[in-house]
4 protein chains.
Amino acid sequence: MTDSLRIEMKSESISSDVTAVVQQLEAAGLTVSVNDATPIYLSVQGDISESFVTALKNNPIIADLKEITGTYKLTSREFHPGNSIIKVGDIEIGGADFVTMAGPCSVETLDQMMTCAKIAHEGGAKVLRGGAFKPRTSPYAFQGLEEEGLIYLRQAADEYGLKVITEVMDEANLELVCKYTDIIQIGARNMQNFRLLEAVGKTTKPVALKRGISGTIDEWLHAAEYIAAQGNSNIIFVERGIRTYETATRNTFDVSAVPIIQKLSHFPIIVDPSHGVGIWDIVPPMALAGVAAGASGMIVEIHPTPSEAWSDGPQSLNEKNYLSMMKKVTILSQTMKELTQLD
Amino acid sequence: MTDSLRIEMKSESISSDVTAVVQQLEAAGLTVSVNDATPIYLSVQGDISESFVTALKNNPIIADLKEITGTYKLTSREFHPGNSIIKVGDIEIGGADFVTMAGPCSVETLDQMMTCAKIAHEGGAKVLRGGAFKPRTSPYAFQGLEEEGLIYLRQAADEYGLKVITEVMDEANLELVCKYTDIIQIGARNMQNFRLLEAVGKTTKPVALKRGISGTIDEWLHAAEYIAAQGNSNIIFVERGIRTYETATRNTFDVSAVPIIQKLSHFPIIVDPSHGVGIWDIVPPMALAGVAAGASGMIVEIHPTPSEAWSDGPQSLNEKNYLSMMKKVTILSQTMKELTQLD
Amino acid sequence: MTDSLRIEMKSESISSDVTAVVQQLEAAGLTVSVNDATPIYLSVQGDISESFVTALKNNPIIADLKEITGTYKLTSREFHPGNSIIKVGDIEIGGADFVTMAGPCSVETLDQMMTCAKIAHEGGAKVLRGGAFKPRTSPYAFQGLEEEGLIYLRQAADEYGLKVITEVMDEANLELVCKYTDIIQIGARNMQNFRLLEAVGKTTKPVALKRGISGTIDEWLHAAEYIAAQGNSNIIFVERGIRTYETATRNTFDVSAVPIIQKLSHFPIIVDPSHGVGIWDIVPPMALAGVAAGASGMIVEIHPTPSEAWSDGPQSLNEKNYLSMMKKVTILSQTMKELTQLD
Amino acid sequence: MTDSLRIEMKSESISSDVTAVVQQLEAAGLTVSVNDATPIYLSVQGDISESFVTALKNNPIIADLKEITGTYKLTSREFHPGNSIIKVGDIEIGGADFVTMAGPCSVETLDQMMTCAKIAHEGGAKVLRGGAFKPRTSPYAFQGLEEEGLIYLRQAADEYGLKVITEVMDEANLELVCKYTDIIQIGARNMQNFRLLEAVGKTTKPVALKRGISGTIDEWLHAAEYIAAQGNSNIIFVERGIRTYETATRNTFDVSAVPIIQKLSHFPIIVDPSHGVGIWDIVPPMALAGVAAGASGMIVEIHPTPSEAWSDGPQSLNEKNYLSMMKKVTILSQTMKELTQLD
């Protein structure tokens, strides 16, 4: 008996062959994901009996079967050799296009959100961010507008045809957050809040999993596995800087996490240069570094008037600087597409 | 209007003076803590009106009034100049005696717990530890026996007259854990799980708050404030090592956290040398270092047969080594009591 | 009396005005650097009397005079607002072009160096690297071929029209190294070997100053100041990764150091993605990240057969992978030039 | 042919047996160290031929021969199972007594040194510290009095019967420093200044080797090996705190380095709580922690008037606090002697 299996289809297999195998697997109650890769791989999860494995081995259109072991199997690229593309409506994260998510740290007012959404959209962002539940070091700091904030966020996003990403801090508010958001964000402080990971793993929403404040790559992959093991394979890694001895920046933006994660996992990774460095004028070069490192997108903090932001003002871009950065990000990501074709 | 006030009684005030002021404060719906210090201080919390403050100022037996501000006021030593002593039954943490908590990483079987409790008690420990809900990096690792584990833990502790400490990982199981434990442990990964901190803050149980994996002293003090702000002032800090570049030890045991926390806060701090270094034969010297640094106690992992432990075997002491260490800890803590009297 | 002065010329000043002021300053025994910026600034060093300052203030073509204080004044952008361009023969580091330095970790044989030089040159590198004096953790590890290595390095570089960069580890060998090299490298372990910094500060050779293994930005700027204070203003910062808790990479490549250093200093900064991550297949995306972050160049390890390298094989690129990376680096750095013109 | 050999004498061997073997080894041009352990071990260095090894094997009084390999063999406890005791005149570091070294960060004046020596001696210190060559982050900070400082240091130490420890920063001043000092200190920034390590390895002076600012235990052991490999086996490790993310203390004082080094090496280790935490009132509890962890001694900064110190004032103890600490250190180290006898 095994629970994670990678099937490699013969190179001559055609669409109908793949369909037939998928149907056979699904009929056996298994979950199957067809890899967008050459050769075609099927990643299979569920209770797979030995006799069923034997039957698959005898199927002439199957080239190879590999049982996946290890402690983060569903997240591993070994299990799923092709890139996973996370769909959020018509947006694809992990696909050919670099996807930008932008917005303020905290949702403050409807006006502020409307302005942010307008700016975000103008720069080419596809997703609006904004925190309605804020994890703050001090219990006396602003903790977020909660549902009121979610309403503003959704309304502003809808007005400009944007999707929504926002953080959930506990299981108790998960249903509420899911009502308003398209992507659930797990914050850095909760990367190893295992019960929360399991709870979002039981939803079908895409989950943006931030790296912990001092999370190792290994722990991060296992955190994703907590989500995937519950059945939710819509995972997006978010590199947001790590804690080091250096105080010139808020965090040390570990852009090497992009290719390292891509090597070890099939889930896409995006970057958060705002938290990565914490200084607004260092954000644009780090956004470009993220594009060049091969990230599938980024999440960035903007504010109409950063000096008046209720939180994270020093790392927020104003309209002018955001638009100037996005012009460069757009050009650079076009160049990156061309470079990818050189491989 | 203020919400945190420190009252300094005149040095000539007598017990009945203190009682009178306390009664006046409590009659006004305020929470008062009498400091075990010279001069006597009263630490007062609640909605304190300006007219009430004026009235206090006119009280001739009051030497000084100080409004406490800052972002971790209830936790600060400024608010509460004397040491807070946390009572767990007849055990006092933060008092004159060094208190040892010992037990296995995970609760495994009733037999194992009975043996551990016997050993713990023999060495002089007053509290039995054991995890029934285990935060594990991988979702496929042993996650704890849950309520069954809590039952074994309680039973073993009761058999040897020990108190119980165990970890709670989420709000959903808080009530269950509270049913069995004397001290709630908040694990390192949850130091900034703010909703969980608030939840335990609403209980009256003593809370052992572990330092985060890369928690700063400042964040740790604020995490305590999340608990205290909800009304629970039975907080015990636990230094358990921090994440650094060094790989010779599992963590870097930051024994300097002991005097640093004691300088900034009135809540007691104990050490966890087992997680601090992660290597059993380095645990005893680190336990002694903790005693010498002035910690109020320690929590240490023991196991009848460490090589067969379901988790944390490499850092667990067997009976012989635990007893040998405890003999030294007992002598050293006696010496430390004498040194304190030199001040 | 002051020793560091920044002169801002009036915007209407013309070339002959600048020349006149420079001549006046040099006639007074001062060292002057004309900034390539608008408006034109003159950065002046030496013993500057108050009466001389007064005289300058009265010069109608001078817009402003600013005495530079602080603890790394010559290195600061305040002192020298324009970018400093370091010339190595006809190569300019800090100018419009991205400059690549490539070669093996250690000089091994003449053959190896010839092959490396050929490959480096083919990919577009302008400078050949190779260690003849190797700082090794163990005294029993290969310590470098010393002068023999320098001879091979020089010969191979000359054969392909490349410049040379190599490390000096102590003052005793400085003269010897200078005989063969175009750029002196100060290794990470020596970033705060202050006597060595002073010694290279007394030469006129360009100095590539690697960031210390856990060097802060602030310490690094001050290390440069040790060199500049001795009269050598040909300094190139090299970001090579910092030591953190993460073990998935050899170091954590801090690409944010590029814009941070550029904000605080006028000296150029290049990146070393090989040491930055220590894993050959992660090097190319990090090289691209460095280009996108705005670095003036990079230094990268290559080897004809990495598996046989006497040191640093795992992070060395073979010919194929180096050439593939350089094709992308070249295209990306062209895009970056275009983006710069958007500002 | 081998170069490092450990000879285990039979348990029944007597003094004359040991002498005979030592004479045989020395006659063969080898360096021998007799271990203060049971059974008696001889640690042998030099060019040891196979035939000589065979001859030793046939010696009936020799129980076992072990060739030592590895990359820090002379430093390893495998090579030298007994503790090495470093003699500085009649002082023994690594022996039964805890040895304190005290003095100011910088040598400032003769008066200051005389006062410091008087205070140091009064508290029970045996060695006087003081920097005459100061490694400073900025080139414009006070760099030390150089030879003048060495003269004051020596004179003050001699007046009170103390030994001298002081830092050497480069090979050029090594001879000068050796003229005045009893113990050469290698500073944290020079832990991997390999040429300097080799230079002090060629002297016969005891060397206090500070752990690097972010030195790993492994690198530190290898740094010692650079010294030992040159023939100087008078090495004292000094734990002085490591660089971490925590900013509440200057460094993170890694007291676990004491038992870790003792496990891996035979050379003694002392602690430097002053640099370890950088805050004077946290120094005494950390000194006690060092004693309890089993350190062989400590080095601590004192100053007659810390607020006027030319460097490191915030971490320097004044007379009163130093004497108060030393009273406790003396009592505690007495208790530790007793605890050792329990083993």
Side-chain angles (χ1 to χ4, degrees), chain A residues 211 214-221 241-264 271 273 276-279 281-295 324-325 327-332 334-336 338-340 342-343, chain C residues 211 214-221 241-264 271 273 276-279 281-295 324-325 327-329 331-336 338-340 342-343:
Chain A
R211 185 174 183 180
S214 65
T216 64
I217 295 286
D218 190 68
E219 289 169 344
W220 200 10
L221 292 163
I242 58 173
R243 182 163 280 175
T244 70
Y245 68 82
E246 179 59 75
T247 55
T249 43
R250 180 174 174 181
N251 291 296
T252 294
F253 183 52
D254 181 10
V255 75
S256 78
V258 172
I260 292 277
I261 285 287
Q262 289 170 340
K263 192 172 165 180
L264 299 173
V271 293
V277 293
I279 307 165
D281 60 348
I282 307 300
V283 170
M286 290 307 93
L288 298 177
V291 173
S324 158
M325 173 184 76
K327 202 180 289 181
K328 295 181 180 179
V329 163
T330 306
I331 294 170
L332 196 72
Q334 189 53 43
T335 300
M336 286 304 296
E338 293 158 19
L339 294 190
T340 306
L342 292 180
D343 286 331
Chain C
R211 186 174 181 179
S214 66
T216 64
I217 295 286
D218 190 69
E219 289 170 344
W220 200 10
L221 291 163
I242 58 173
R243 181 163 281 175
T244 71
Y245 67 84
E246 179 59 75
T247 55
T249 43
R250 179 176 176 181
N251 290 297
T252 295
F253 183 51
D254 181 10
V255 75
S256 78
V258 173
I260 293 276
I261 285 287
Q262 288 170 340
K263 192 172 163 179
L264 299 173
V271 294
V277 292
I279 308 164
D281 61 348
I282 306 300
V283 170
M286 290 306 95
L288 297 177
V291 173
S324 159
M325 173 183 77
K327 200 180 290 182
K328 295 181 180 180
V329 163
I331 294 170
L332 196 72
S333 55
Q334 188 54 41
T335 300
M336 285 305 295
E338 292 158 20
L339 294 190
T340 306
L342 292 180
D343 288 331

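By convention in this document, chain letters (A, B, ...) are assigned in the order of the sequence lines, proteins followed by strands, and residues within each chain are numbered from 1.
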(message) Quick check: do A:Lys327 and C:Leu339 have side-chain heavy atoms less than 4.5 Å from each other?
(response) no
(message) Ignoring hydrogens, what is the shortest heavy-atom contact between A:Leu332 and C:Met336? Give both atom names and the distance.
(response) CD1-SD, 4.1 Å
(request) Can you tell which part of C:Ser214 gets under 4.5 Å to a heavy atom of chain A, answering side chain, backbone, both or neither? (result) both
(message) Quick check: closest heavy atoms across C:Gly215 and A:Glu246, and the distance to 0.1 Å?
(response) O-OE1, 3.9 Å
(message) Between C:Leu342 and chain A, with a heavy-atom cut-off of 4.5 Å, which part of the residue counts as in contact: side chain, backbone, both or neither?
(response) side chain
(message) Using every non-hydrogen atom in the two residues, find where C:Tyr245 and A:Arg211 come nearest and quote the distance to one decimal.
(response) OH-NH2, 4.0 Å
(request) Pick whichever of A:Gly294, A:Gly276, A:Ala293 has the most heavy-atom pairs under 4.5 Å with chain C. (result) A:Ala293
(request) Apply the test side-chain contact (heavy atoms from CB on, under 4.5 Å) to residues A:Thr252 and C:Thr244: give CA-CA distance (whole Å), side-chain angles for both, the deciding distance (0.1 Å), then the verdict. (result) CA-CA 10 Å; A:Thr252 294; C:Thr244 71; 5.5 Å; no
(request) Answer whether the closest heavy-atom distance between the side chains of C:Lys263 and A:Ile282 falls below 4.5 Å. (result) yes
(request) Would you mind telling me which of C:Pro259, C:Pro284, C:Ala257, C:Gly241 has the largest number of heavy-atom pairs within less than 4.5 Å of chain A? (result) C:Pro259
(request) Check each atom of C:Leu264 against the heavy atoms of chain A and say whether the ones under 4.5 Å are side chain, backbone, both or neither. (result) neither
(message) When you compare the side chain of A:Val291 with that of C:Leu288, does any pair of heavy atoms fall below 4.5 Å?
(response) no
(request) Please state whether the side chain, the backbone, both or neither of C:Ser256 comes within less than 4.5 Å of a heavy atom of chain A. (result) both
(message) Which one wins on heavy-atom pair count under 4.5 Å against chain C: A:Asp343, A:Asp218, A:Val258?
(response) A:Asp343
(message) Could you check whether any side-chain heavy atom of C:Val277 comes within less than 4.5 Å of a side-chain heavy atom of A:Ile260, counting everything from C-beta outward?
(response) no
(request) Kindly indicate whether the side chain of C:Thr216, heavy atoms from C-beta on, has any atom under 4.5 Å from the side chain of A:Thr247. (result) no
